[in-house]
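Notes for the one structure printed next.
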Amino acid sequence: MKRKVVWGITVMLLLSITFSLAEGKVFDLRTHKNLSSPIGIAFDNVPHLYESHQGKKYGYSGIFVGDSVKVSGETERDANIEIVFPSGKIVKITPSDGYFEKEITFGEEGNYSVKLVSKNSGKQLNEESFNVSYRAIPIAPTLQVKDIINGMLRTNDWSARESINWNHACAAEDGKNGTAYLLIVKSNGEPLANFKGKQFTTDKFGIAKIPFSSKSIKIYGNIRAVRYDKLVFDRNGKLIYSSVPQKIDAFVNEKTFYLNEKEFFSYVFKEAAKNEKDIMIENNSGVKFSNVEIGKNYIFEPVSKVAIPAKITEKNGQTYVNAESLLALISYPPSEDFNFGIAGTSMRYYPDRIEIYIIERN
């Protein structure tokens, strides 16, 4: 007991020393949002200039119009930081020993710039931009990811780092268009009625209608767009509708719905159609291809090391796998190391049909 008490006190002392050395700096240890950007700044919190270690453009800062944010971080360059508002207003930040923090009220909608300016010469060294938007809330009749999957996607550090809630992404069927109905609100939550923004106009209720297509990526602010494929089979397994016309053989045996695994992967992943069962996986080291292994009672993808229990059967020289297992494999929660590009899946049984939905990110 005494050892446990001494150990507890020791841990508390170490933590207190750690936080005292931090000198009030803001750290996000759970989601590691302080990714270095190519302009030479590592932000502790916001803005989010890039969405991954690969340096992909992100565009959404994590800031809404009217927010007052303590922007903090570090830079290795001997330079001042300038935040340039859409109107041209400039807020200057002078780092001390490479560290900076300043509370800024972002009262304008639009694109802001982050500039590094040499302390000695005043010459601009580098520049990047980010966007500040009004807070938008998707409402009915907008079709969202959470409506298609009949629930909510599991949140994790990988998605949290992006500051995007994919449950509220707006969905359009592959090859078709959709409309996002967005309730636009002020920083205090009050609807922004009869207002014309840079990308929308609201009605008397504060609702904006923004059209998008299945190829869209962003709709407005932190609201993303996704596309989905819909497959409809009769209760015997015959394909009667698909978003993209393509053969997928299936059948029902002892209340289990089986899909031809090769044809299924070929439908979802175009790479599989070209390269047998190879599917594309995007990770930090680039794009990789992997051959899905079919066992006696499992399916396995070696790059992600994801294994799913499955019912396997053979018919006319072809391999068939129960649909639930195939969907579980491709919709397995992504991580930093791999990403199938699938935002979610669902399967619905009706008296006269079986429907499958596959949501993909553009």
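Remember, predicted model here, so these are calculated numbers, not experimental data.
- Under a 3.5 Å cut-off, the side chain of S331 and the backbone N or O of G344 do not form any donor-acceptor pair.
- In this structure, V114 and I83 have side chains that are in contact, with non-hydrogen atoms separated by less than 4.5 Å.
- Of all heavy-atom pairs spanning S290 and I281, the tightest one is CB-CD1, 4.3 Å.
- One distance of note links CZ of F265 with CG of D278; it measures 11.0 Å at 0.5 Å rounding.
- Between N222 atom CG and H168 atom NE2 the span is 9.5 Å, to the nearest 0.5 Å.
- Under the 4.5 Å side-chain criterion, counting only non-hydrogen atoms from C-beta, L329 is not in contact with V321.
- Note on ring orientation: taking the six-membered ring where Trp is involved, the planes of Y112 and F130 are parallel (angle under 30°, cut-offs 30° and 60°).
- Between the CD atom of E301 and the CD atom of E293 there is a distance of 10.5 Å, given to the nearest 0.5 Å.
- E263 and D249 get closest at one heavy-atom pair: OE1-N, 2.6 Å.
- F300 forms part of a hydrophobic cluster together with Y298, judged by ILVMFWY side-chain heavy-atom separations under 4.5 Å.
- A side-chain donor-acceptor contact under 3.5 Å links E108 to the backbone of S87.
- Between I359 and W166 there is no side-chain heavy-atom pair separated by less than 4.5 Å.
- When all heavy atoms of E127 and S113 are compared, the pair lying nearest together is OE2-OG, 3.1 Å.
- Summarising the geometry, atom CE belonging to M347 is positioned 7.0 Å from atom CD1 belonging to I354; distances are rounded to the nearest 0.5 Å.
- Judged by distance alone, with hydrogens and angles left aside, the side-chain atoms of T105 form no donor-acceptor pair with the main-chain N or O of G107 at under 3.5 Å.
- Applying the 6.0 Å contact sphere to NZ of K198 captures no more than 12 heavy atoms from other residues, nucleotides or ligands.
- With hydrophobic clusters built from ILVMFWY side chains whose heavy atoms lie under 4.5 angstrom apart, V145 does not share a cluster with I137.
- Side-chain atoms of N316 never come within 3.5 Å of backbone atoms of Q318 as a donor-acceptor pair (strictly under, hydrogens ignored).
- A donor-acceptor contact shorter than 3.5 Å links the side chain of S214 to the backbone of G175.
- In the displayed structure, K215 atom NZ is contacted under 6.0 Å by at most 12 heavy atoms of other residues, nucleotides or ligands.
- In this structure, I219 and C170 approach most closely via the heavy-atom pair CD1-CB, 3.4 Å.
- Formation of a donor-acceptor pair under 3.5 Å by the N275 side chain with backbone atoms of E271 is found in this model.
- Separating the OH atom in Y241 from the CZ atom in R353 is a distance of 13.0 Å, to the nearest 0.5 Å.
- Note that the CG atom of L259 and the CD1 atom of I356 stand 5.0 Å from one another [nearest 0.5 Å].
- Environment of CG in D352: crowded, with over 12 heavy atoms of neighbouring residues, nucleotides or ligands closer than 6.0 Å.
- By the 4.5 Å heavy-atom criterion applied to side chains, L327 and I358 are counted as neighbours.
- In terms of heavy-atom proximity, N260 sits nearest to Y320 at N-CD2, 3.3 Å.
- The hydrophobic cluster containing V91 also contains L125, counting ILVMFWY residues as joined when their side-chain heavy atoms lie under 4.5 angstrom apart, directly or transitively.
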Distance-only donor-acceptor pairs under 3.5 Å for side chains of residues 225-236, two or more places apart:
unit_1	atom_1	unit_2	atom_2	d
R227	NH1	N362	OD1	2.3
R227	NH2	E360	OE1	3.3
D229	OD1	Y267	OH	3.4
D234	OD1	N236	N	2.8
D234	OD1	G237	N	2.9
D234	OD1	K238	N	2.9
R235	NH1	Y350	O	2.5

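- With sequence neighbours left out, N80 forms a side-chain hydrogen bond (donor to acceptor under 3.5 Å, both in side chains) with T94.
- Applying the ring pair (Phe, Tyr, Trp, His ring centres under 6.0 Å) rule to pairs touching residues 174-212 yields Y134-F195, F200-Y220, sequence neighbours excluded.
- In this structure, F269 and M280 have side chains that are not in contact, with every pair of non-hydrogen atoms separated by 4.5 Å or more.
- In this structure, V306 is a member of the same hydrophobic cluster as V268, with clusters built from ILVMFWY side-chain heavy atoms closer than 4.5 Å.
- Taking the ring axis of F251 as reference, the NZ or CZ atom of K315 stays within 45° of it and closer than 6.0 Å to the ring centre.
- A continuous path of Ile, Leu, Val, Met, Phe, Trp and Tyr side chains, each step under 4.5 Å between heavy atoms, connects I104 with F43, placing both in one hydrophobic cluster.
- Between I81 and K102 the shortest side-chain heavy-atom distance does not fall below 4.5 Å.
- The shortest side-chain heavy-atom distance between L182 and T202 does not fall under the 4.5 Å cut-off.
- Side-chain contact between S133 and F64: present, with at least one pair of heavy atoms (C-beta onward) separated by less than 4.5 Å.
- Residues satisfying the side chain to side chain contact (heavy atoms under 4.5 Å, CB included) criterion with E190, sequence neighbours excluded, are K186, N188.
- Side chain of S129 to backbone of N111: no donor-acceptor contact under 3.5 angstrom is found.
- Cluster membership check: I279 shares its hydrophobic cluster with V244, using side-chain heavy-atom separations under 4.5 Å among Ile, Leu, Val, Met, Phe, Trp and Tyr.
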*Given E261 and I294, is the side chain to side chain contact (heavy atoms under 4.5 Å, CB included) satisfied, shown in steps?*
CA-CA 9 Å; E261 55 90 15; I294 307 294; 4.1 Å; yes

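- Within 6.0 Å of NZ in K92 there are 12 or fewer heavy atoms belonging to other residues, nucleotides or ligands.
- Across all their heavy atoms, Q199 and I210 have their closest contact at O-CD1, 4.1 Å.
- Scanning for side-chain hydrogen bond (donor to acceptor under 3.5 Å, both in side chains) contacts around S187 gives an empty result, with sequence neighbours left out.
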